[in-house]
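Structure first, then comments.
These values consider heavy atoms only, across backbone and side chains, with no hydrogens, waters or symmetry-generated copies. It should be emphasised that the depicted structure is a prediction, and the values quoted were computed from it without experimental measurement. Indexing begins at 1, ligand by ligand and atom by atom, following the structure's order.
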Amino acid sequence: MWQQKWIMGNWKMNGSLASNQQLLLALQKPVSAASAQVYCAVAVPDVYLTSAKEQVRGFPLVIGAQDVSRFGDFGAYTGEINAQMLADVGAGFALIGHSERRQYFQEDNAILLSKLQHCLSAHILPILCVGETLAQRESAQEKAVVGDQLAILAELSATEVVVAYEPVWAIGTGKIPTTRQIAEMHQFIYHQILSLCGKDVKIRVLYGGSVNTKNAAEILAVPHVDGALVGGASLQADSFTAIIQAACAPAL
Ligand code: 13P
C-alpha cells in the first residue's frame, strides 16, 4: 500500500442503501483487477459504513469515514461519532480537515489535531486534507497556508502520513492547477512532512479537486502525486473505474 497508487472516492453527503449497493457491486471487478497496482478506497457517510463493509466483503475496496469527532471518549456529545466507534464498525481510515469541514464547521488546527490524535489511538488511518483558497493562491500564499495546515503533524508520533492536497478553488469547479503547480505543491508537502515527522516516515500525498476521467492519467503521472482523492467522479461506477484504470497505466 505504500508503493501503490491510491485512488480514493469521497462520496460526501450522497448515496442511499440501494444506490450504494449498485455502485459497490459495479466496482468489484475493476477494483479486484487493479488491486496489485492500486489501493482503492471510498469514504462513505457514517450511516452507511456497516452496509458498505458488508457489500465489499471479498474484494479489496477499503471503506472509511469522512470525518470523526473531536472528542475521543464516550459520553454526552449528542450527534457525535468517535474514532473508537469508527474502528468498531471496521472503518479503515478517516478524512480529517476536508475544506468543507474547515469552511462550514470552522475546524481549525486545534480541533484537527485532536481528531488526528484520536484516529491514531483508535488505529484509524487519518488522511489530512490541506489546500489554499483562490484568494490565497492569487496572493501567492499557497505554501504558507498549506505549511501552516501541515504544522500539526509535528505534534504526532506518526510513522505513516497521508495527506490530500486539495486546492479549495479546484473542488467541484472543473478548474485544476497546472501539472507544474501540482508538482510544486506536492514536492513542498513531501518536504514539509519529512522535516516535521522525520526521514523514516512513510508518505502518500494524494491530489484532489476536479479529478475526472480525462485528466486523471496526466495528474497521476506528476512527480510526488501518489494518488487521487475523487469527489463527483467517484459517484458513478464508470468514471471511478476509468480513474482506477488510469492509475494502473504506466506513467505518461
Ligand atoms: P471533486 O472531485 O468533486 O472536485 O471533489 C474533490 C473533493 O473534495 C474530494 O475530497
Evaluation steps, side-chain hydrogen bond (donor to acceptor under 3.5 Å, both in side chains), between Tyr39 and Asp226:
CA-CA 10 Å; Tyr39 180 80; Asp226 301 316; over 6 Å; no
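- Residue, atom and distance of the protein heavy atom nearest to atom 9 (C) of ligand 1 are Glu166 OE2, 2.8 Å.
- A side chain to side chain donor-acceptor pair (under 3.5 Å) with Glu132 is found for one member of Lys143, Gln141, Arg137 and no other, namely Arg137.
- Checked by atom type and distance alone, the side chain of Gln37 never pairs as donor or acceptor with a backbone atom of Ala34 at under 3.5 Å.
- At a heavy-atom distance under 4.0 Å, atoms from both the backbone and the side chain of Ile171 approach ligand 1.
- By the 3.5 Å distance cut-off applied to N or O atoms, His98 is counted among the residues near ligand 1.
- Considering Ala233, Gly232, Ala164, Ala170 only, the shortest heavy-atom separation from atom 3 (O) of ligand 1 involves Gly232.
- His98 contributes atom NE2, which lies 11.0 Å from atom CG of Asp67 (distance to the nearest 0.5 angstrom).
- Of the protein's non-hydrogen atoms, Gly172 N, 2.6 Å is the one closest to atom 4 (O) of ligand 1.
- The contact set between ligand 1 and Gly209, taken as ligand atoms under 4.0 Å from a residue heavy atom, comprises 4 (O), 6 (C).
- Taking a cut-off of under 4.0 Å to the non-hydrogen atoms of Leu229, the atoms of ligand 1 that pass are 9 (C), 10 (O).
- Using cut-offs of 30° and 60° on the angle between ring planes, the pair Phe71 and Tyr77 is parallel.
- Not a single heavy atom of Gly208 sits closer than 4.0 Å to an atom of ligand 1.
- Looking only at heavy atoms of the protein, atom 2 (O) of ligand 1 is closest to Gly231 N, 2.9 Å.
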Please determine whether side-chain contact (heavy atoms from CB on, under 4.5 Å) holds for the pair Val42 and Met8, giving the CA-CA distance in whole Å, both sets of side-chain angles, and the decisive distance to 0.1 Å.
CA-CA 5 Å; Val42 285; Met8 306 191 80; over 6 Å; no
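- Among the atoms of Glu100, none of the N or O lies under 3.5 angstrom from an N or O of ligand 1.
- Under the 4.5 Å side-chain contact rule for hydrophobic residues, Ile171 and Leu229 do not share a cluster.
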